[in-house]
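Source: prediction; values computed, not measured. Numbering of residues begins at 1 and proceeds along the displayed sequence.
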Amino acid sequence: MFNTRIFLIACTLAAMLSPAAAETNHIRASKQYGLSYLPLMIMEDQKLVEKHAAAAGLTDMKVSWVTLGGPSAMNDALLSGGIDFGAGGVPSLSTLWAKTRNTPLAIHGVAALNDMPVDLVSSNPNVKKLSDLSEKDKIAVTSVKISTQALLLQIACAKEFGEANYEKYDSLTVSMPHPEAMTALMSGSAGINAHFSSPPFQYTERTDPKIHTVLNNYEILGGPATFNVVWATSKFRNENPKAYKAFFDALKESMDIINKDKKKAAEDYKRITKTKETVEFLLQILNDPLVKNTVEPHKTLPIAQFLAKVKRIPAAPEKWQDMWFPELHGMNGS
C-alpha cells in the first residue's frame, strides 16, 4: 500500500539534499543620460559588480549595460525580463511598485542614486514663475506625464492652482531625451523654449544668458529630494541573493569613489560620456552643496502619495520603506 507519510518525508529530504538552483551568471543593468547616473557609469567602467560578484564566489559573472532615453523603455524592459536592474525617477519606481505589489515580480527600490536639484529652465523672458507659462511655451521632458520632471510639473500645478488642475500644463510638454532637449533649447529649434532638465544639462543651459531657472524640485517637494533610483524585482533578488548583493555593494563602493575624489569622478564622466563640458565645469556641479550621492532615499513618499491621489497608481505606500528593499529600512529616509 502506498504510504503517503513516507512519501512526503522522502520528498522533503530530497529537497533538502538537492543542490540549490544556481544563481545567474549574467546581470543586465540599465542607466539613462546625465550626471545623476554617474554612480552606475563608474560601476560599469571599473567593473565593480564583477569584482563584488567574484568575492562572493560568482567568478564567471558577466554584466551587460544598456543606456535608455526615458522611463517608458526602461519599465517595458524590466517587466518583460529584458533587464534585471532598472534606473530612473521616483515616479517610475512608484508606478512599478504599485502595479506589481503582491505579485511574484513585486518591484522595489534597490537604492537611491542621489539628491539633486532638478530645474525647470526657460528662454522665454516673460516666464519668471510657474503661473507665467502659457500656450506660447513648449516644455521638453524625458517622457510626457510619466517622467520625474513631468510629475514634478503636475505637483507644482496642484500646489499653485489646486489639485483639480494638476494637469494644467501637460499640454505644453513634449517627450525628448535630455541631450536633444538641451540642444533644442539653446539653439531655439523645434519650438522648445523650456526644459525641465537635470544635471549637468541645466548647468550648461544656464551658461546662456537668455536661459534662466523658473523653479526646481526642492522648492516643489519642500527640501532635498532623491532624483534617480535603482529598482529590481523581488523575483530576481530572491533567486539571486549573491548577485543582488554584489550589485548593491558595487553601487555603495561607486559612491564612495565619487565622494572621495570628485575631480577624478568628473574626469571619468567626461571620458566615459565624451561630453563637451570641461572637467572644471563638471566638478563645480559635483561640489554643489545641493548635490549629494547617497543610497538613502528622500522625499519619495510624497511623490507616490500624489500619484495615488490623482489615481495614476492603484495604491499608495503607508510608509516610505514599503517601496524599498530591506537593506535601506534602517536609514533616515523619507
Inset, instruction - Assess whether atom NZ of K235 is packed by more than 12 heavy atoms of other residues, nucleotides or ligands within 6.0 Å. - result: no
Legend entry - Whether over 12 other heavy atoms sit under 6.0 Å from K262 NZ: yes
Legend entry - Residue pair I146 / P91: nearest heavy atoms and the distance that separates them: O-CB, 3.8 Å
Inset, instruction - Carefully, step by step, assess Y203 and D288 under the rule side-chain hydrogen bond (donor to acceptor under 3.5 Å, both in side chains). - result: CA-CA 11 Å; Y203 292 84; D288 186 334; 2.7 Å; yes
Inset, instruction - In plain terms, say whether K299 and D115 are close enough for a salt bridge, that is, a side-chain N and a carboxylate O under 4.0 Å apart. - result: no
Inset, instruction - Decide, yes or no, whether a salt bridge links E267 with R271 under the criterion of side-chain N to carboxylate O below 4.0 Å. - result: no
Inset, instruction - Look at the rings of F161 and Y169 and say which category their plane angle falls in: under 30° parallel, 30 to 60° tilted, over 60° perpendicular. - result: perpendicular
Inset, instruction - Give the ring-plane orientation class for H178 versus H195, where under 30° counts as parallel, over 60° as perpendicular and anything between as tilted. - result: tilted
Inset, instruction - Establish, from distance only, whether the side-chain atoms of H26 and S64 form a donor-acceptor pair under 3.5 Å. - result: yes
Inset, instruction - Answer with yes or no after comparing the ring centroid distance for F85 and F247 against a 6.0 Å cut-off, counting only values under it. - result: yes
Inset, instruction - Compute the centroid of each ring, for Y33 and then for F201, and state whether the two points are separated by less than 6.0 Å. - result: no
Inset, instruction - Please determine which of V63, D249, I257 meets the side-chain contact (heavy atoms from CB on, under 4.5 Å) test together with L48. - result: I257
Inset, instruction - Starting at CG of L290, measure out to NZ of K292 and round the result to the nearest 0.5 Å. - result: 12.0 Å
